Amino acid sequence: MSQLNPTAPATVAPVSIPVRELAPWALFAALLAVVVTYFVGAEQGAFSLISGSDVHEWVHDGRHLLGFPCH
Amino acid sequence: MNARSFLINGLIAGLLGGLIAFVVAIGVGEPAIDDAIALEESAAAPAETEAHSHAEGEEEGHTHSHGDEEEGGITRGQQAGPGLATATGLIGVILGGLVGIAAAFAAGRFGRLSPVATTALVAGAGFVAVVLVPWLKYPPNPPAVGSGDTIGERTALYFGFLAISVLAVLAAVIIARQVLASRSAWTATAVAGAVYLAVVGIATLVMAPIDEVPDSFPANTLFEFRVGSLLTQASLWLVLGVVLTGLVHRAWTREAADVARREAAAAL
Ligand SMILES: [Zn+2]
């Protein structure tokens with residue numbers, strides 16, 4: 001096979017994925033990112049949706065080491 | 001290759017990155033956090049220990065609470081173990097998802113670069129924009145640094161700068177693609193770099209500095225913490241980028257082989 005067409009894979013031009021097809025997946029990933037970043041990076045710090053400090057304390061070391069302002 | 005496979009590959013790569021970052025954080029980040037918490041407690045202790053010099057057997061693991069009086073039930077062991085893993089794992093997964101989707105956008109949209117090359121570029125640019133540049137402008141601080149009164153302002157500045165940095169990359173890429181239509185790839189790359197640096201440079205000059213490190217805080221502990229934080233995040237992004245690029249490579253060579261086979265069959 002490769003003898004017949006040695007450069008085959010390299011000559012296949014990359015095809016781009018249409019934006020219309022990408023948009024819903026991008027929206028899903030973005031929403032997930034906002035929610036997770038909020039809870040790991042800011043909940044019970046600058047903002048507080050849940051009372052107490054358990055969320056903050058649980059992710060505490062990660063919040064510091066991942067570069068978020070903690071306290 | 002479709003949007004879904006890019007996203008799933010990204011989530012897998014990100015989870016692995018988050019788990020490796022957890023291990024790295026234990027080695028290079030936790031010692032500095034422990035030192036900082038010890039300092040915080042010894043600074044807070046005198047008032048209490050003066051009264052009763054022997055702590056009454058309180059060995060239930062001290063959580064360092066910030067201003068809040070209640071201790072909660074979470075121990076240092078939990079914070080440095082499963083708590084830390086939760087944070088790096090979750091952040092790894094969502095970063096992986098975002099990088100996967102960004103790589104899906106990039107594939108086939110940068111001249112003749114293969115999806116493998118564009119995926120590696122996206123991961124590299126992501127690390128610079130999301131970690132390295134914000135780290136330089138607003139370096140992270142260990143426990144015992146930072147006043148609770150300014151947490152709102154500091155959070156706004158940090159996320160604001162992060163957003164500017166990411167938007168600057170997008171702007172640089174869009175402009176570079178315009179340039180690429182009429183000029184060389186070298187020129188386009190140089191323009192992209194210049195646009196990004198100009199935007200984050202101006203933002204760095206304009207946005208308020210944060211300097212809340214007490215004079216008494218040991219410089220070594222601060223340095224160790226900040227380097228540990230950078231290494232933790234770098235390991236996350238490195239694993240994310242390498243694994244995702246590998247997965248895209250596998251999918252791409254398979255797809256390219258399929259196309260070649262179909263073309264060969266059609267030519268007969
Ligand atoms: Zn803290």
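Because the structure is predicted, anything quoted here is derived from the model rather than measured. Chain letters run A, B, ... following the sequence lines, proteins first and then strands; every chain starts at 1.
- Heavy-atom pairs under 4.5 Å with chain B peak, among A/Pro69, A/Gly41, A/Ala29, at A/Pro69.
- Contact record, B/Ala87 with A/Gly62: CB-CA, 3.7 Å, taken as the closest heavy-atom pair.
- Heavy-atom minimum distance, B/Phe225 versus A/His64: CZ-O, 3.4 Å.
- Ranked by non-hydrogen atom pairs under 4.5 Å with chain A, the options B/Ser114, B/Pro142, B/Gly228 are led by B/Pro142.
- B/Pro82 touches chain A through backbone and side chain together, each having a heavy atom under 4.5 Å away.
- Of all non-hydrogen atoms in A/Gly67 and B/Gln233, the two that sit nearest each other are N-NE2, 4.1 Å.
- Minimum heavy-atom separation, B/Ala25 to A/Leu65: CB-CD1, 3.8 Å.
- For a residue to count as touching a neighbouring chain, one of its non-hydrogen atoms must lie under 4.5 Å from one of that chain's; by this rule A/Pro24 does not touch chain B.
- Both the backbone and the side chain of B/Asn2 come within contact range of chain A, judged by heavy atoms closer than 4.5 Å.
- Put simply, of B/Thr232, B/Leu90, B/Asp258, B/Leu95, the one with the most heavy-atom pairs under 4.5 Å next to chain A is B/Leu90.
- Neither the backbone nor the side chain of B/Arg226 comes within contact range of chain A; no heavy atom of the residue lies under 4.5 Å from a heavy atom of that chain.
- For B/Thr118, no part sits under 4.5 Å from any heavy atom of chain A, backbone or side chain.
- Using a 4.5 Å heavy-atom cutoff, the side chains of B/Phe6 and A/Leu22 are not in contact.
- Taking the six-membered ring where the residue is Trp, A/Phe68 and B/Phe159 present parallel rings, their angle staying beneath 30° rather than reaching 60°.
- Distance check: A/Glu57 CD to B/Thr75 OG1 gives 10.5 Å after rounding to the nearest 0.5 Å.
- Interface remark: B/Leu7 contributes side-chain atoms only to the contact with chain A (heavy atom separation under 4.5 Å).
- No part of A/Phe39 comes within reach of chain B, as not one of its non-hydrogen atoms sits under 4.5 angstrom from that chain.
- Both the backbone and the side chain of B/Phe105 come within contact range of chain A, each with at least one heavy atom under 4.5 Å from a heavy atom of that chain.
- Within a 6.0 Å sphere centred on OH of A/Tyr38, heavy atoms belonging to other residues, nucleotides or ligands number more than 12.
- Ranking B/Ala85, B/Gly108, B/Gly10, B/Ala106 against chain A, the residue ahead of the rest is B/Gly108, based on heavy-atom pairs under 4.5 Å.
- Looking at B/Val145, only its backbone comes within 4.5 Å of chain A, counting heavy atoms on both sides.
- Contact of B/Leu113 with chain A is made through the backbone alone, with heavy-atom distances under 4.5 Å.
- To the nearest 0.5 angstrom, A/Thr37 atom OG1 is 7.5 Å from B/Leu98 atom CG.
- Rounding to the nearest 0.5 angstrom, the gap separating the CZ atom in B/Arg76 from the NE2 atom in A/His60 is 7.0 Å.
- Contact record, A/Gly45 with B/Ile151: C-CG1, 4.0 Å, taken as the closest heavy-atom pair.
- The contact between A/Val59 and chain B is made by backbone and side chain atoms together, counting heavy-atom distances below 4.5 Å.
- Per-residue heavy-atom pair counts under 4.5 Å with chain A were compared for B/Leu84, B/Leu157, B/Leu231, B/Ile210, and the maximum is reached by B/Leu84.
- Heavy-atom minimum distance, A/Ala46 versus B/Thr155: CB-OG1, 3.4 Å.
- Annotation: side chain of A/Cys70 is not in contact with side chain of B/Asn141 (no heavy-atom distance under 4.5 Å).
- Residue B/Arg109 holds its CZ atom at 7.5 Å from CD1 of A/Ile17, rounded to the nearest 0.5 Å.
- B/Arg4 contributes atom CZ, which lies 5.5 Å from atom CH2 of A/Trp25 (distance to the nearest 0.5 angstrom).
- For A/Val19, the parts sitting under 4.5 Å from any heavy atom of chain B are the backbone and the side chain alike.
- For chain A, the nearby part of B/Ile33 is the side chain; its heavy atoms alone come within less than 4.5 Å.
- With contacts defined as side-chain heavy-atom distances shorter than 4.5 Å, the pair B/Val93/A/Val36 does not qualify.
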